[in-house]
Enquirer: 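Got a structure here, written out as structure tokens. Questions coming.
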Amino acid sequence: AHPLSRPPEVEGEAANSAIRIAEVLGVPLYLVHTSCEQALEAVTRARVGGQRVFAEVLAQHLVIDDSVYRHPDWSFAAHHVMSPPFRPKENQKLLW
């Protein structure tokens, strides 16, 4: 349920909102814990447009995917709850 309550679309929209605010203010932006394609696309659009936007990825998001939440051992799955949650494996390739 944890990843379902924090979908990648929301992360992408949050990244886009922060980017637009930084654009209006004329300041650079450093986004932390970028974990999905939608957020990365927002960063890429801004950078192509000449805006100074940087995105940081947690190392865990590069090697662990959302399959950990379906592990049969509840304790194992619970130990992987974090925000943003781990995403489907397809996102890892893009984040590298």
Side-chain angles (χ1 to χ4, degrees):
H2 179 71
L4 297 176
S5 68
R6 291 153 179 82
E9 294 80 9
V10 173
E11 181 182 335
E13 184 56 37
N16 195 56
S17 294
I19 289 167
R20 296 291 69 97
I21 292 168
E23 180 182 38
V24 168
L25 296 175
V27 297
L29 180 66
Y30 188 87
L31 295 171
V32 298
H33 303 186
T34 304
S35 71
C36 65
E37 179 179 10
Q38 291 86 338
L40 186 59
E41 286 174 350
V43 170
T44 302
R45 275 193 309 275
R47 291 178 64 92
V48 166
Q51 196 172 349
R52 291 185 60 207
V53 178
F54 306 92
E56 173 188 290
V57 177
L58 291 172
Q60 302 95 302
H61 283 112
L62 297 174
V63 295
I64 301 172
D65 64 51
D66 65 346
S67 66
V68 295
Y69 300 121
R70 295 182 295 280
H71 195 279
D73 179 357
W74 180 88
S75 180
F76 179 88
H79 280 92
H80 288 87
V81 171
M82 60 181 289
S83 291
F86 294 110
R87 305 292 186 193
K89 197 166 204 62
E90 306 82 60
N91 291 283
Q92 291 174 341
K93 296 174 192 169
L94 300 169
L95 295 172
W96 276 101

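Position 1 is the first residue of the sequence; numbering continues from there.
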Enquirer: Which heavy atom in Arg87 sits nearest to a heavy atom in Asn91, and how many Å separate them?
Expert: CB-ND2, 3.5 Å

Enquirer: Measure the OH-CH2 distance between Tyr69 and Trp74 for me, rounded to the nearest 0.5 Å.
Expert: 13.0 Å

Enquirer: Which atoms form the tightest heavy-atom contact between Pro7 and Ser5, and what is the distance?
Expert: CD-C, 3.5 Å

Enquirer: Same cluster or not: are Phe76 and Phe86 linked, directly or through other Ile, Leu, Val, Met, Phe, Trp or Tyr residues, by side-chain heavy atoms under 4.5 angstrom apart?
Expert: yes

Enquirer: According to a hydrophobic-cluster definition based on side-chain heavy atoms being under 4.5 Å apart (Ile, Leu, Val, Met, Phe, Trp, Tyr only), do Val68 and Val57 belong together?
Expert: yes

Enquirer: Identify the heavy atoms of Val53 and Ala46 that sit nearest to each other, and give their distance.
Expert: CG2-CB, 3.8 Å

Enquirer: Once rounded to the nearest 0.5 Å, what's the spacing between atom CD of Gln38 and atom CG of Leu94?
Expert: 9.5 Å

Enquirer: Working to the nearest 0.5 Å, report the span between CZ of Arg52 and CD of Glu23.
Expert: 14.5 Å

Enquirer: When rounded to the nearest 0.5 angstrom, what is the spacing between SG in Cys36 and CG in Leu95?
Expert: 8.0 Å

Enquirer: Say you draw a straight line from CD1 of Ile64 to NZ of Lys89; how long is it, rounded to the nearest 0.5 Å?
Expert: 10.0 Å

Enquirer: Assess the residue pair His2 and Ser83 against the criterion (side chain to side chain contact (heavy atoms under 4.5 Å, CB included)); give the C-alpha distance rounded to whole Å, side-chain angles, the decisive distance to 0.1 Å, and a yes or no.
Expert: CA-CA 9 Å; His2 179 71; Ser83 291; 3.5 Å; yes

Enquirer: I'd like to check His61 versus Ser35 (side-chain heavy atoms, cut-off strictly below 4.5 Å). Are they in contact?
Expert: yes

Enquirer: Should Ile19 and Ile21 be regarded as members of a common hydrophobic cluster, given that ILVMFWY residues are connected when their side-chain heavy atoms come within less than 4.5 Å of each other, either directly or indirectly?
Expert: no

Enquirer: Linking I/L/V/M/F/W/Y whenever any side-chain heavy atoms sit under 4.5 Å apart, do Val63 and Met82 land together?
Expert: yes

Enquirer: Compare every heavy atom of Asp65 with every heavy atom of Gln92, then report the nearest pair and how far apart it is.
Expert: NE2-N, 3.5 Å

Enquirer: For a quick test of reading the model, state the closest non-hydrogen atom pair linking Ala55 to Val43 and the distance between them.
Expert: CB-CG2, 4.0 Å

Enquirer: Are more than 12 heavy atoms, taken from residues, nucleotides or ligands other than His79, located less than 6.0 Å from that residue's NE2 atom?
Expert: no

Enquirer: Which value, rounded to the nearest 0.5 Å, describes the distance between Thr34 atom OG1 and Glu11 atom CD?
Expert: 6.0 Å

Enquirer: Looking at side-chain heavy atoms only, is the closest gap between Arg20 and Ser17 below 4.5 Å?
Expert: no

Enquirer: Please check if Val32 and Phe54 belong to a single hydrophobic cluster, counting links between Ile, Leu, Val, Met, Phe, Trp and Tyr side chain heavy atoms closer than 4.5 Å.
Expert: yes

